[in-house]
Protein chains: 2
Amino acid sequence: MKKKTLHPTLSHVAREAGVGTTTVSRVINGGHRVNPETLARVRRVIERLGYMPNQAARTLKGHRTKTIGLVIPSIADPFFSSCAEAAQAIARANDSLVMLTVTSNDPRTEMENLDLLIRHRTDGLLIVPANSQSQILRDLLERVAVPVVAIDRPVSDSSIASVVCDNFKGAITGTQHLIDHGYKRIVCLTGESTLYTIRERMRGYRKAMEQAKLNCIIDSSVKDYKSAEYAIKSLLDGPSPPDAIFATKNSTTIHAFEVLQRLNIPVPQSIALLGFDDFELASTVRPPISVIQQPVEEIGRRAAEILFDQLLDERGAASPASRHPVQVKLQTRLIQRASCGCTPPTP
Amino acid sequence: MKKKTLHPTLSHVAREAGVGTTTVSRVINGGHRVNPETLARVRRVIERLGYMPNQAARTLKGHRTKTIGLVIPSIADPFFSSCAEAAQAIARANDSLVMLTVTSNDPRTEMENLDLLIRHRTDGLLIVPANSQSQILRDLLERVAVPVVAIDRPVSDSSIASVVCDNFKGAITGTQHLIDHGYKRIVCLTGESTLYTIRERMRGYRKAMEQAKLNCIIDSSVKDYKSAEYAIKSLLDGPSPPDAIFATKNSTTIHAFEVLQRLNIPVPQSIALLGFDDFELASTVRPPISVIQQPVEEIGRRAAEILFDQLLDERGAASPASRHPVQVKLQTRLIQRASCGCTPPTP
DNA sequence: TTCTGGCATGGAAACGATACCACACAAGAC
DNA sequence: GTCTTGTGTGGTATCGTTTCCATGCCAGAA
């Protein structure tokens, strides 16, 4: 096999072009203060040799790495993959690369990932904290000399910037909508209760129910199809079966829907359904499922924008305004489809 | 605001511990040939200072970057996000980070991304080529001293390793299945015809149709709901309306299904539907949609494994066996649900 | 005693880029 | 004529690691 050419260095170019390294450096950084002829000559040599600057060397010399770290629970989840896509776009617009790591919501994995990213000296960090309350995480992020923006879940009691949804208000809106439809026995279905987002949504549900003087019914055992089936069957066979379901997340909504469908329970006639977080086929399925929609793409975008803002005025004198950390709370939107009892016009 | 502590360096640790830099270096690299007492002392200092090695410096000194580049068309697409997730897992198992870039299938963006990644000197590259036939891409990849594995689409006429699906055979299986059901006028719906995967699937469709002495009907105008509606309406209003649809990709399948549903055309009674590539809710919609399933996660995993194999025996003497590039072709699987006319047992 | 060899350790030269400083030279101001 | 000013250029220290080589030391062999 032919030996592949190793990467030529700046000195190679310099020697080949008969100039000093300084000049070559100037050429690749815009070519200011370089004689036009020299410039052209050096450029030609660069082209011929296929020279590409070594980022590691640049980084070492004190410049930035031109990378940001992204720490998310999962890529397969459409919510996070949309965030990631948006963040990546902003990074690229800022001439930076994204180092992607996934945590599966495991704090240990999260710490390992952060450790790796810090060793790589990413210029900034975008993180969906596995545990919003983790003392260790908070300490690490406060200690390390790297700008951080938390996504989807804040890092509590910390001065870390964050971009999250108003889960509380969203859940109120959703629950209230079911109440407005006249449902009295609304059950809140969930599979988690440690995650910040889920807790906020449950809090919103409770708030709306209490305001309407209705009893809260919460089942947090729904983790997959099996457990959803068991939960729903038990509920329906109980003394006072629910007439509506508020599902606190995507997968819960889908599992609940599958169960109702398999059991041939008409939605919304026998039981209504409203989920938190929209998904691609929510409008295709019969009946179309009403949801509280989050501005998914905007979350990722805003977070990345804030991060790069921080990076920018970290260079110069930080403007006093941006001194205390940004805490963005984005609003959700109720999408009325049929599963809640609405009869939306077919678009 | 309190000034955040900058990163301490190896020399800081050395000074603080009263040893030479060499010793500290040995400690952080396993601590062999270091006096146990010294080892403990240095470790304590490292802990106290929160020292973390600077990857840029390590890289510069000739070691690898401990990163691989991932170049994919999109993250939001579940197919690619699953690939990415699998690849990321393998990378992490090899103590490496993934630099994520997305191309939107645009060759220009692809070249820009590759350029950036090469500047960062990623140890290897995982790429879903936007254009399998691009001469420029082939040249770049062959020239650059970086191991590359192509995913989902091979780089034609090149010695680049690849992991792809047997799209051709998969499409034959799917089409043949429709033929076996007795459908005669099977239309192939697609929205692309430049992508390698789609072309292969169309080729498979044609092959199966020709073997059965049936006429090929191909409509490659389906890009969104609107165009799908137009295409299907035209087809149905035509002189000999189709009795089955073979959709060449995920989004096409979904759009076709939505149109049929909106038009109240019973599936599979009036027209059958079979898609290429599975998706989460395919079994939840009514009727459940039959598909040709790809081993999504395996594609990403295998590709990453092959890449790290290459990285490994690049260090030592490359074994003659692995000399010529690996070309893996993974088999697809027909999932019989109801939309093709099958009556699968409800699991 | 002197030599050999293994251990624990440190000095200093790389790696590839940047940037401070210096220098040479030309053109105009006085 | 000297003094400034600006332009084009290069030498070289530097960033934080690794690694080659050298050193000092002690145990056991000769």
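Naming convention: chains lettered A, B, ... in sequence-line order (proteins, then strands); numbering from 1 in each chain.
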Problem - side chain to side chain contact (heavy atoms under 4.5 Å, CB included) involving I28(A) - partner list, sequence neighbours excluded - result: L10(A), I46(A), Y51(A), P53(A), R58(A)
Close N or O pairs between protein and nucleotides 20-27 of chain C (under 3.5 Å):
none

Problem - Nearest heavy-atom neighbours spanning A56(B) and N54(B) - result: N-OD1, 2.8 Å
Problem - Terminal helix-axis angle for the helix from dT1(C)-dA30(D) to dC30(C)-dG1(D), with five pairs defining each axis and rounding to 10 degrees - result: 70°
Problem - Heavy-atom pair with the smallest gap, counting every atom of E85(A) and I75(B) - result: OE1-N, 3.0 Å
Problem - Salt bridge R108(A)-E112(A), side-chain N to carboxylate O under 4.0 Å - result: yes
In a table with atom names and distances, give each donor-acceptor pair under 3.5 Å that connects a side chain of residues 95-103 of chain B to protein atoms at least two apart or in another chain.
residue : atom : partner : partner atom : Å
S96(B)  : OG   : N94(B)  : O            : 3.4
T101(B) : OG1  : L70(B)  : O            : 3.2
T103(B) : OG1  : N105(B) : N            : 3.0

Practice task
Going by the side-chain contact (heavy atoms from CB on, under 4.5 Å) test, name the single residue among I151(B), T109(B), L114(B) that passes it with V71(B).
Solution key: L114(B)
Exercise for the section: Determine whether the side chains of S74(B) and D77(B) contain a donor N or O and an acceptor N or O closer than 3.5 Å. Expected result: no
Exercise for the section: Verify the neighbour count for atom CD of Q135(A): are there more than 12 heavy atoms of other residues, nucleotides or ligands below 6.0 Å? Expected result: yes
Practice task
Can you establish whether the number of heavy atoms outside R33(A) located under 6.0 Å from its atom CZ is more than 12?
Solution key: no
Completion exercise
Checking dG16(D), dA19(C), dT18(D) against the side chain of T21(B) (C-beta onward), the nearest is dT18(D)
Practice task
Looking at every strand, decide which applies to V19(B) at a 4.0 Å heavy-atom threshold: base, sugar-phosphate, or nothing.
Solution key: sugar-phosphate
Problem - Selection residues 125-139 of chain A - residue pairs positive for salt bridge (charged side-chain N to carboxylate O under 4.0 Å, His left out), sequence neighbours left out - result: none
Completion exercise
Under a 4.0 Å heavy-atom cutoff, the residues of residues 30-43 of chain B touching DNA chain C are R33(B), V34(B), N35(B), T38(B)
Exercise for the section: Look at the side-chain N and O atoms of T23(A) and state whether any lies under 4.0 Å from the OP1 or OP2 oxygen of dT9(D). Expected result: no
Fill in the blank from the handout: Assign each of V24(B) and N54(A) the nucleotide of DNA chain C bearing its closest heavy atom; nearer the 5' end lies the nucleotide of V24(B)
